[in-house]
Protein chains: 2
Amino acid sequence: MNNHLKELRAERQLTQAQLAEQLGVSRQTVVAIEKGKYDPSLPLAFRIARVFGLPIEQIFMED
Amino acid sequence: MNNHLKELRAERQLTQAQLAEQLGVSRQTVVAIEKGKYDPSLPLAFRIARVFGLPIEQIFMED
DNA sequence: ACACGATGTAAAGCACACTTTACAAAGATT
DNA sequence: AATCTTTGTAAAGTGTGCTTTACATCGTGT
């Protein structure tokens, strides 16, 4: 899976730490997802989608 | 997280085994998700959405 | 040069997603 | 009643999502 997390975060001018806090996860989790190290769980994907006001399919995509 | 998997599967008249095969997972995984024992991974959620032709948010929802 | 904020990397540990195998309980069919 | 399909339950094993801690790197500002 691919994702646009880094770009979306940059657009909103959020640091990894700020985004992590809004999502209720550690900064390492944000780093790992941005770097494509692993995919978020479904509940976390929902929270990410909610933070950015976008459907999950517009943030994450099967490559 | 809640989901409508069981109802959607019933509408399409699929058995758990048939759905599992289409999704490329074991039947136990389908059972566990239907029963709410755990949530699917994000990639599996995408495959489920594709099988039913619906956005993820119309199949899974934060309760 | 030094400090500071933001990002990247690594490793150990815990919980959960998924597997395989096996068996039990219903429902439908003959 | 006996069989067959479908569904439910359980348990042990593997891999991944997420945590915490710690340190390295890079860019910017003083």
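Here is the naming used below: chain letters follow the sequence lines, and residue numbers restart at 1 for every chain.
Residue B:Ser41 has a polar side-chain atom (N or O) positioned under 4.0 Å from OP1 or OP2 of C:dC18. Taking 4.0 angstrom as the limit, A:Ser26 places a side-chain polar atom (N or O) nearer than this to OP1 or OP2 of D:dT19. A sub-4.0 Å separation between OP1 or OP2 of C:dG8 and a side-chain N or O of A:Lys6 is present. Taking side-chain N and O atoms only, A:Arg9 has a distance below 4.0 Å to OP1 or OP2 of C:dT7.
Distance CD (A:Gln18) to P (C:dG5): 13 Å, rounded to an integer number of Å. Whole-Å rounding puts the A:Phe60 CZ to D:dG17 P distance at 12 Å. When rounded to the nearest whole Å, the span between NZ of B:Lys35 and C1' of D:dG8 equals 7 Å. What separates CD of A:Gln13 from P of C:dT7 is a distance of 12 Å, to the nearest Å. Regarding A:Leu19, its CG atom lies at a distance of 13 Å from the P atom of D:dC18, rounded to whole Å. Atom CD in B:Glu7 sits about 15 Å away from atom C1' in D:dT7, given to the nearest Å. Taking atom CG of residue B:Leu5 and atom P of nucleotide D:dG8, one finds them 12 Å apart after rounding to whole Å. Atom-to-atom, CG of B:Asp39 to P of D:dT16 comes out at 19 Å; the value is rounded to the nearest Å.
Atom CD of B:Gln18 has more than 12 neighbouring heavy atoms from other residues, nucleotides or ligands inside a 6.0 Å radius.
A donor-acceptor distance shorter than 3.5 angstrom exists from the side chain of A:Arg9 to the backbone of A:Leu14, with no hydrogens or angles considered. Distance alone, capped at 3.5 Å, places no donor-acceptor pair between the B:Gln58 side chain and the B:Pro55 backbone.
Residue whose closest nucleotide on DNA chain C sits further toward the 5' end, between A:Lys37 and B:Thr29: A:Lys37. The 5' end of DNA chain C is approached more closely, in terms of each residue's nearest nucleotide, by B:Leu44 than by the other of B:Arg27 and B:Leu44.
Contact annotation: the side chain of A:Leu42 approaches that of B:Ile56 to within less than 4.5 Å [non-hydrogen atoms, C-beta and beyond]. For the pair A:Thr29/A:Tyr38, a side-chain contact is recorded, criterion being any heavy-atom separation below 4.5 Å from C-beta on.
Side-chain proximity of A:Ile33 to C:dG8, C:dA17, D:dC18: nearest is D:dC18.
If you check distances only, the side chain of A:Gln28 never reaches the base of D:dT20 with a donor-acceptor pair under 3.5 Å.
Within the 4.0 angstrom heavy-atom criterion, base atoms lie near B:Val31.
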